[in-house]
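Report on one structure; see the data block that follows.
We're numbering straight along the sequence, starting at 1. Because the structure is predicted, anything quoted here is derived from the model rather than measured.
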Amino acid sequence: MVLCSALTGTRATCSAGSLRGARVLVTGASTGIGEQLAYCYARLGAQVVITARRENVLQQVARRCAQLGAQKALYVTGDMATTSDPSRVVKFAVDELGGLDYLVLNHIGRYSFSPWSGDVHHVRGLMEVNFLSYVQLASAALPSLEKSKGSIVVVSSLLGEFPTPFTAPYTATKFAVNGFFCTLQHELAMRSSDVSLTISILGLVDTESAMEKVSGRTRVVPYPAGEAALHVVRAGSLRQKESFYPWYTHLVCLVRDWCPFFRDVIIRNSYY
């Protein structure tokens, strides 16, 4: 009980003024957590560029961002499976906003919630979208972020720290993301860079995509996407190295290596 209280009782808040006018690029912003992230930044008066594959949906999200108070609300289509698109998207944001203060990496590729079928091609494609494009986006944005003393915010998953059944390709990509960006945190600190890097570890969130995959298959309770997005925005604005939402994700990471036999039994019994 004391441990849980300690994990949940230090909820700092970010003021609207801290993000007013901030130049933000959010990937995967057409639906789910990415869409909610865009709305959070808009409400705080940021200048927002959003990207995803579907232009018609991006138009609607950008329009809503403008209504919510974004100083700018722009969009650029991009397919993160295409190797040239990450750099192009960053260039658009830098050119249109005059620089970047926040790069928020959130997009993910399609995957099924099922036992691994042996499809290596799918794993390779998902790695391109979920991991390699993150590296490309960060690489392209770093020069601008160095100038602004800005931030990279990586939306990751508990599955990148704590593997479970039926998500092998997705889990592999998230382990890669966490490993790369944790290493980059060290390297930025070692060269005294003013760029902060936040990795947000999220548990099950009630996005439409997630619910379609796990509905009727797990006993894990989903948490609201809007709250998850606000948590990520807050963590990035406070320049935290890592953050966890909901509260149990931090506890799970802390105790994951205790009693591995019972841990694995609990994991397997949490699925139908």
So Val61 and Tyr39, do their side chains get closer than 4.5 Å, heavy atoms only?
yes

Heavy-atom pair with the smallest gap, counting every atom of Glu96 and Lys72:
O-NZ, 3.3 Å

Nearest heavy-atom pair of Arg23 and Ser148: which atoms, and what distance?
NH2-CB, 3.6 Å

So which atom in Ser144 and which in Leu100 form the shortest heavy-atom distance, rounded to 0.1 Å?
OG-N, 2.9 Å

Beyond-backbone contact of Val129 with Arg110, side-chain heavy atoms, under 4.5 angstrom
no

Let me check something: any side-chain donor-acceptor pairs from residues 118-127 under 3.5 Å, sequence neighbours excluded? List them with distances.
{"residue": "Asp119", "atom": "OD1", "partner": "His121", "partner atom": "N", "Å": "3.1"}
{"residue": "Asp119", "atom": "OD1", "partner": "His122", "partner atom": "N", "Å": "3.1"}

Side chains of His231 and Ser200: do they bring a donor and an acceptor to under 3.5 Å?
no

Please confirm whether His107 and Tyr134 have ring centers closer than 6.0 angstrom.
yes

Work out which heavy atom in Tyr245 is nearest to a heavy atom in Pro224; give both atom names and the distance.
OH-CD, 3.6 Å

Where is the tightest heavy-atom contact between Leu97 and Val24, given as atom of each residue plus distance?
CD1-N, 3.9 Å

Given side chains that start at C-beta, do those of Phe92 and Thr51 come closer than 4.5 Å, heavy atoms only?
no

Using the side-chain contact (heavy atoms from CB on, under 4.5 Å) definition, which of the options Asn178, Leu184, Ile152 pairs with Ile199?
Asn178

Of all heavy-atom pairs linking Ser151 and Arg239, the shortest is OG-NH1, 3.4 Å

Per the salt bridge (charged side-chain N to carboxylate O under 4.0 Å, His left out) rule, what does the pair list look like for residues 134-146, sequence neighbours excluded?
Glu146-Arg191

Do you reckon Phe175 sits in the same ILVMFWY cluster as Ile201, going by side-chain contacts under 4.5 Å, direct or chained?
no

